[in-house]
Protein chains: 2
Amino acid sequence: MKFSTKGRYGLKAMFDLATHHGNGPITLKNIAQRQDISEHYLEQLIATLRRAELVKSVRGAQGGYMLNHPPEEITVGEIIRSLEGPVGPADCVIDADSDECRNQESCVTRLVWARIQESVNDVIDSTTLADMLEDQERINNKKNYMFYI
Amino acid sequence: MKFSTKGRYGLKAMFDLATHHGNGPITLKNIAQRQDISEHYLEQLIATLRRAELVKSVRGAQGGYMLNHPPEEITVGEIIRSLEGPVGPADCVIDADSDECRNQESCVTRLVWARIQESVNDVIDSTTLADMLEDQERINNKKNYMFYI
DNA sequence: TGAATTCCAACTAGTTTAGTCGGAAATATT
DNA sequence: AATATTTCCGACTAAACTAGTTGGAATTCA
């Protein structure tokens with residue numbers, strides 16, 4: 001029930017881009033170093049994010065990557081789904097026409113998976129990169145407060 | 001972000017046992033046939049469930065398996081965790097002392113994983129096998145109603 | 001031109017998944 | 001006592017997936 005490094009690194013990278021949003025292109029190298037991710041591996045992930053039009057790139061020297069939309073308009077759900085595919089605990093609730101379950105209509109187990117899926121979707125679709133930036137602010141304020149008392 | 005067949009088959013098998021609760025031991029063969037699962041594979045899963053004391057077994061001819069507690073007292077969470085291990089989208093929220101995240105305290109990404117984990121736990125820990133039996137009743141009633149109109 | 005950087009495709013070691021296989025031990029039935 | 005049924009146990013395995021690595025081409029800035 002874990003996400004793979006695709007989703008986990010991908011969200012980290014996108015959050016990194018969000019913190020630098022508006023500052024021009026950020027190189028993969030910088031993101032990879034800050035987030036402690038293999039640069040070449042991250043390259044693959046960000047290629048996916050680019051194809052999903054969540055980031056845009058500038059090629060050549062002084063190039064790099066930027067968010068393709070403001071942080072308020074990018075959800076965690078979009079990021080994760082672009083990298084991991086549709087989210088859900090079992091195929092029968094992921095693919096509408098999965099043939100795994102012979103009796104989709106009357107399968108009680110499926111109801112449980114559907115509830116899990118719904119609750120995960122609620123979280124990831126209601127959280128934007130802007131929300132994460134706010135969380136970061138709160139954490140920083142708290143840390144400073146702790147430091148000064 | 002899917003569960004493996006361990007958790008998925010395991011819940012199906014446990015629900016099967018719940019529907020036959022009180023009727024004496026049920027053979028693995030029967031469960032496997034009804035739920036369309038490889039008998040030998042299910043054997044491994046039910047061994048785990050037995051060690052977790054969620055089912056008890058009766059050996060020998062006319063033997064089989066039974067729930068070790070009434071359906072009201074067995075949660076989906078217990079079943080899934082016994083088979084899949086602790087649930088969560090990333091190690092940093094699964095193992096308390098994961099060394100994956102260098103800055104656990106101030107990691108915003110981790111907050112997102114924690115919210116996902118919490119919402120999944122809410123669902124699986126608040127659903128018992130008895131709840132699933134009730135769901136089954138509701139589905140059956142609805143089907144009969146649809147049939148007679 | 002040279003350095004920095006993105007873009008692209010192929011390869012790979014290790015792990016996990018979803019089983020299979022063969023047989024030993026226990027118990028009810030005949 | 002013999003037999004059939006059933007759980008219990010441990011080892012094996014093909015295929016897929018994960019988390020990368022490698023090598024180089026294309027683009028752009030200085």
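As a basis for the values below, the full set of heavy atoms in this structure was taken, side chains included, without hydrogen atoms, waters or symmetry mates.
Under 4.0 Å is where a charged nitrogen must lie from a carboxylate oxygen, and between B:Arg115 and A:Asp135 at least one such pair does.
Checked by atom type, the side-chain pair A:Thr128/A:Asp131 shows a donor-acceptor distance below 3.5 Å.
Taking atom NZ of residue A:Lys56 and atom C1' of nucleotide C:dC7, one finds them 19 Å apart after rounding to whole Å. Rounded to a whole Å, the CD1 atom of B:Ile37 is 17 Å from the P atom of C:dT17. Between the C1' atom of D:dT27 and the CD atom of A:Gln62 lies a distance of 13 Å, rounded to the nearest Å. Taking atom CG of residue A:Leu42 and atom P of nucleotide C:dC7, one finds them 12 Å apart after rounding to whole Å. Rounded to whole angstrom, the span from the OH atom of A:Tyr9 across to the P atom of D:dA19 amounts to 7 Å. If you take CE of A:Met66 and P of C:dT5, they are 14 Å apart, rounded to a whole angstrom. One atom, CD of A:Glu39, and another, P of C:dC7, lie 13 Å apart when rounded to the nearest Å. Rounded to a whole Å, the CG atom of B:Leu45 is 14 Å from the C1' atom of C:dT20.
Ring-plane geometry between A:Tyr9 and A:Tyr41 is classed as perpendicular, the angle between the planes exceeding 60 degrees on a 0 to 90 degree scale with a lower cut at 30.
Within the 3.5 Å criterion, the main-chain N or O of B:Leu17 finds no donor-acceptor partner in the side chain of B:His21. In this structure, A:Glu39 contributes its side chain and A:Leu28 its backbone to no donor-acceptor pair below 3.5 Å.
Grouping the Ile, Leu, Val, Met, Phe, Trp and Tyr side chains by contacts below 4.5 angstrom, directly or via other members, places B:Ile116 with B:Leu111.
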Nucleotide by nucleotide, 5' to 3', does protein get under 4.0 Å of the base (B), only the sugar-phosphate (S), or neither (-) in nucleotides 8-18 of chain D, counting heavy atoms? BB---------

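The phosphate of C:dA4 has neither OP1 nor OP2 within less than 4.0 Å of any side-chain N or O from A:Thr27.
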